[in-house]
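Here the structure comes first, spelled out in structure tokens, and everything after it is commentary.
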Amino acid sequence: MAERTATIGSKAGLHARPAAVFAEAAGQQPVEVSIAKADSPEEKFEAGSILGLMGIGAEHGEKVVLTAEGDGAEESLDKLVEILETEQDD
């Protein structure tokens with residue numbers, strides 16, 4: 001299983017537009033990706049679900065953990081970390 005830790009870069013946190021951008025990108029990956037707050041990794045959500053992402057309540061500067069398994073997992077997580085760590089509200 002591949003795993004990456006990312007720091008939320010959007011000033012609004014993982015809400016509204018940043019969540020929509022991330023969920024769309026996660027849904028386009030060849031593997032299923034899960035996301036959880038770093039301080040509560042047992043509460044995983046499907047990364048392609050906007051409602052799940054907003055339910056996490058991750059704010060700017062908080063760390064989240066992404067996990068995926070299968071062919072292309074490493075590359076998928078690398079792409080998704082880049083999205084999470086970039087300001088999406090500009």
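Quantities reported herein were computed from a predicted structural model and do not represent experimental measurements. Values below: all heavy atoms of this structure, side chains included; hydrogens, waters and symmetry mates excluded.
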Start with the C-alpha distance between Ser76 and Glu74, add both sets of side-chain angles, then the distance that settles side chain to side chain contact (heavy atoms under 4.5 Å, CB included), and finish with yes or no. CA-CA 5 Å; Ser76 294; Glu74 299 282 344; over 6 Å; no
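Residues Ala19 and Met54 share a closest heavy-atom pair of CB-CG, 4.0 Å.
Note on Val33: it clusters hydrophobically with Val81, by side-chain heavy-atom contacts below 4.5 Å among ILVMFWY residues. Note on Val65 and Val31: separate hydrophobic clusters, where clusters join Ile, Leu, Val, Met, Phe, Trp and Tyr whose side-chain heavy atoms are under 4.5 Å apart, directly or indirectly.
Side chain of Gln88 to main chain of Ile83: a donor-acceptor pair is present (N/O by atom type, distance under 3.5 Å, no hydrogens or angles). Between the side chain of Glu87 and the backbone N or O of Lys11 there is at least one donor-acceptor pair closer than 3.5 Å. The backbone N or O of Met1 sits nowhere less than 3.5 Å from a side-chain atom of Glu69 that would complete a donor-acceptor pair. Formation of a donor-acceptor pair under 3.5 Å by the His60 side chain with backbone atoms of Gly9 is found in this model. Under a 3.5 Å cut-off, the side chain of Glu62 and the backbone N or O of Glu59 do form a donor-acceptor pair.
Defined by atom type and a distance below 3.5 Å, a donor-acceptor pair is missing between the side-chain atoms of Thr5 and Lys63.
Within 6.0 Å of CD in Glu82 there are 12 or fewer heavy atoms belonging to other residues, nucleotides or ligands. Counting heavy-atom neighbours within 6.0 Å of Asp71 CG, excluding the residue itself, gives a total of 12 or less.
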